[in-house]
Amino acid sequence: MCIYKIFFKSKNENRKNSNREQNSEISTNDIINDLDINDDKDIETLLMKLSGRVKETNTNLINRGLKEILSDYSFDDLKLDDKSKKKILELKELAKNIENKIIKEPNYDATKNYKIDYANELNNEQLIAVTTTDIPLLVIAGAGSGKTRVITYKVCYLIENGVNPNSILLLTFTKKAAQEMLDRVNKLLKNKIGGNVLGGTFHSFANYILRRYSKVIGIKDNFTIIDTTDSADIFSLLKSELKINKKIDGKPFPDKKELQEITTKARNIETSINNVIDKFFYKYIDYTDEIITLIKYYEKYKKTFNLLDYDDLIIILRDNLRDNAGFLKAVQNEIEYVLVDEYQDTNTIQRDIADLIASKNEKITVVGDDAQSIYTFRGADYENILRFPQFHPNCGVVKLECNYRSNQNILYFINSIISNAQIGYKKNLYTNMQSSQKPIFKKFANERDEAKFIVDKILEIKGDILNYNDFAILTRAAWHSNVIQTELMARGIPFDVIGGIKFAERAHVKDIIAFLRIIINHIDAISWHRILQLIDGIGNVRATEIITSINKKNGIIEFSEFQNRKYYDELNRLENMYNKIINNDNIKIDEIFNLIYDFYIPLFKKNYGNYDEREQDLEVLRIITSNYESIEKFLDDFTLEPPNNKFHNGVFPGSKNNKDTVKVSTIHSAKGLEWNTVFIPHAIDGLFPSEKSLSTLEDLEEERRVFYVACSRAKENLFITIPVYLESYRGYTNKPSRFIYEIDPKFYFIEGND
DNA sequence: TAAGTTTTACTTTTT
DNA sequence: GTAAAACTTA
Ligand SMILES: Nc1ncnc2c1ncn2[C@@H]1O[C@H](COP(=O)(O)OP(=O)(O)OP(=O)(O)O)[C@@H](O)[C@H]1O
């Protein structure tokens, strides 16, 4: 029995699809002729083939044992080009330099009367990392070596040495990570002082500063932060307005998402659009001019309507810190110490921000692990970590190599994975832990069998000793756990899904957010577009016309000039709604919601099917917002860190989730976490590493690091599994992940005969 | 110009 | 088996 009601699914956003016939390219006869039918296994194979859209016949994995398969490595090795070779040499040189800067002894006064016994709770290197506060410090920490612990204790140490909590800046990868560390600080210091620390992501910090210093910077303080889908929607609008959407001799033009991707890539790795197209979107090289034109209009569009995208937040902050001495000084006066977590996943803009703020007296500590850099796809540059000494010549370095998380067998395994990396700073992770079991590798006929095995194992290992909380299923892509989720549900095992969830992108959720945004920024054109186009008779062109009129009146919402239009009644209703909200300074969030619903629900019912299912999302939104004092704060949080988990009964963002559940997560969302037992399903070459990352060495290296991050989450048990047949994706699997081939077989165990 | 219908091109990770 | 572009109709 399933004890959770899922409030939304990530499927069926809109449109009912007609059932089209599958056009199979291979005929039944071909398949039968292709096979010798000798036993049950062959028949099973045949049935599988007939049922799916199998394009290629490959019985390789079905009939051969894993041992045999893994003994012949047949992947093309990617050649290093000269540029990469040079880079690797340079990085090696940098790594040597790091070695020279290692600090050997802590500068710790044990006679001081601290609340925390630092020397006792930290190992020698950790103690050095915590107590070195007079010079810039780079902490290179291997997986599970206690970097979270170091940062947490360092915050305490700073506070205990008289640093004002609200002048400590703690930059982490997610808001949640910062919150958890600061909660821990509170516990350690037995007070509530940690709550005053400025903790959050680079983006949330940028937002905080930009709004407060808007005058100095020359922007309005009520800007709307738009997410990537909003950006894409702007591109879509511009494409049709500028009529830049015609194919040239059948070659497709980038779609709205791709335009957004090109834009953000260029800005995050700080290079030209030309370069990005040349390197990453070569198929669009013929459209370079049109793309550049569109992006120019995109930038203008944002300016006109007071919109900032994610990249704007950090770029505007960096540029102003760099170019405006008065502003820099003001920010520096607020901040005494800068701590950066997950430094390997910062980009150059973020690096600059941290450096600039700390530049006055070099009070900065950065913590990271280049082997765990998994966000280069969005502009992160793990070289930041290796180059830290270049930017801070008088820095010290601490290396944490003692792993407190995983048992010896898992450690051998993960060390073996990362030893195959071509790029990177070598660390020698060791542990004092006892060994239990080697990581297990196993194949299954199909996804259902894989799922069953995982669920059975969870129950078996859990027994009466462990909790569901001790288990995680980590995947490269969110959909890799689909069948497993079904199985968990069928078996009544409570679980939470984290990552890959697109709550904020659901149409009706975006609608509500659009209504709210306009309250704050009356000329938020992209939100106006959403709302106006809900009304019958208003499309792209009419919406633009109305928005232009609002903008001309500086954001006054007044539609009398459209009196003769057939949809005026609806415009009038909208105008009245906003007047009620805007003219009442003391209006509560709940009342705002009621007014919006009064207007929206009729349109909502008309525009979308499956009303009941969607309505629950609206309820979720109401509950989330009820925790907020202001719409502004809610909108900022919702956009800066959109919910990435599913909401079950009683579990909402903001509410503490103390439920005992198995975690089903993408690897990217599992960063920094740990579990007793970790499963990595679908470890199939082409899925993990992803097919898209096979062509360049850099991409492949990153995939390996993702694999490394996944495996290094495990404390006691690690299971890696592959289904031979994937019903939902291309049928037969070719090979297990190449990362498994790379590992010395003595470090893992192949379960079963096959 | 809007709205509805058919075709095409895809399945990676997220602040 | 979805989302967006392209095309068609009113
Ligand atoms: N000095 C220590 N003594 C005992 N346990 C420790 C010590 N330092 C860290 N640990 C434990 O080791 C585990 C891993 O620590 P932590 O999560 O801080 O590692 P991490 O470096 O952030 O890992 P990763 O980079 O892999 O995310 C935690 O369970 C932590 O409590």
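Keep in mind that the numbers below use all heavy atoms, side chains included, and drop hydrogens, waters and symmetry copies. So that the names make sense, note that chain A is the first sequence line, chain B the second, and so on, each numbered from 1.
- Out of C/dA4, B/dT14, B/dT15, the shortest distance to the side chain of A/K257 is found at C/dA4.
- Checking B/dA2, C/dA4, B/dT15 against the side-chain heavy atoms of A/R542 singles out B/dA2 as nearest.
- A salt bridge links A/K283 with A/E258: the closest approach of a Lys/Arg side-chain nitrogen to an acidic carboxylate oxygen falls below 4.0 angstrom.
- Checked against side chain to side chain contact (heavy atoms under 4.5 Å, CB included), A/V366 has the following partners two or more places apart in sequence or in another chain: A/L138, A/V340, A/Y343, A/I364, A/F388.
- Counting to the nearest Å, the C1' atom of B/dT13 and the CZ atom of A/F707 are 16 Å from each other.
- Remark: A/F377 pairs with A/Y375, A/H668 by the ring pair (Phe, Tyr, Trp, His ring centres under 6.0 Å) rule, at least two apart or across chains.
- With B/dT13, C/dA5, B/dT15 as the candidates, the nucleotide lying closest to the side chain of A/T201 is B/dT15.
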Under 3.5 Å, N/O pairs linking protein and nucleotides 7-10 of chain C:
none

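- Distance from the side chain of A/K256 is smallest to C/dA5 among B/dA2, C/dA5, B/dT15.
- Here A/F202 does not pack flat against the base of B/dT15, since the 5.5 angstrom centre distance and 30 degree tilt limits are not both met.
- Qualifying ring pair (Phe, Tyr, Trp, His ring centres under 6.0 Å) partners for A/F739, counting only residues two or more places apart in sequence or in other chains: A/F707.
- The side chain to side chain contact (heavy atoms under 4.5 Å, CB included) check on A/I538 picks up A/L532, A/I535, A/R542, A/A543, A/I546, A/Y567, A/L571, with sequence neighbours excluded.
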*So what does the secondary structure string of DNA chain B come out as, 5' to 3', with Watson-Crick or wobble pairs under 3.5 angstrom, [ ] for crossing and | for pairs with another strand?*
||||||||||.....
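- Taking every side-chain heavy atom of A/V541 into account, B/dT1 is the closest of B/dT14, C/dA5, B/dT1.
- Note: CG (A/D233) to P (C/dA3) measures 13 Å, nearest angstrom.
- Contacts of A/A683 classified as side chain to side chain contact (heavy atoms under 4.5 Å, CB included), with partners at least two apart in sequence or in another chain: A/I720, A/I722, A/S737, A/I740.
- A/D311 comes within 4.0 angstrom of no nucleic acid atom, judged by non-hydrogen atoms across all strands.
- Backbone-only contact: A/I538 has heavy atoms under 4.0 Å from sugar-phosphate atoms and none from a base.
- Here A/H529 pairs with nothing under the ring pair (Phe, Tyr, Trp, His ring centres under 6.0 Å) rule; sequence neighbours left out.
- Between A/W479 and A/H682, the ring planes lie perpendicular to each other; the angle is over 60°, past the 30° to 60° tilted range.
- No engagement by A/F688 is indicated, since no non-hydrogen atom pair under 4.0 Å with the nucleic acid exists.
- The distance from atom CZ of A/F253 to atom P of C/dA4 is 16 Å, rounded to the nearest whole Å.
- Across B/dC10, B/dT15, B/dA3, the shortest atom-to-atom separation from the side chain of A/D536 is found for B/dA3.
- Partners of A/Y298 under the ring pair (Phe, Tyr, Trp, His ring centres under 6.0 Å) rule, at least two apart in sequence or in another chain, are A/F235.
- Geometrically, A/K605 does not engage A/Y600 in a cation-pi contact defined by less than 6.0 Å to the ring centre and at most 45° from the axis.
- The phosphate of B/dT14 has OP1 or OP2 within less than 4.0 Å of a side-chain N or O from A/S669.
- Within the nucleic acid shown, A/D227 has no heavy atom closer than 4.0 Å to any nucleic acid atom.
- Between B/dT15, B/dT11, B/dT14, one nucleotide has an atom nearer to the side chain of A/K692 than all others, and that is B/dT11.
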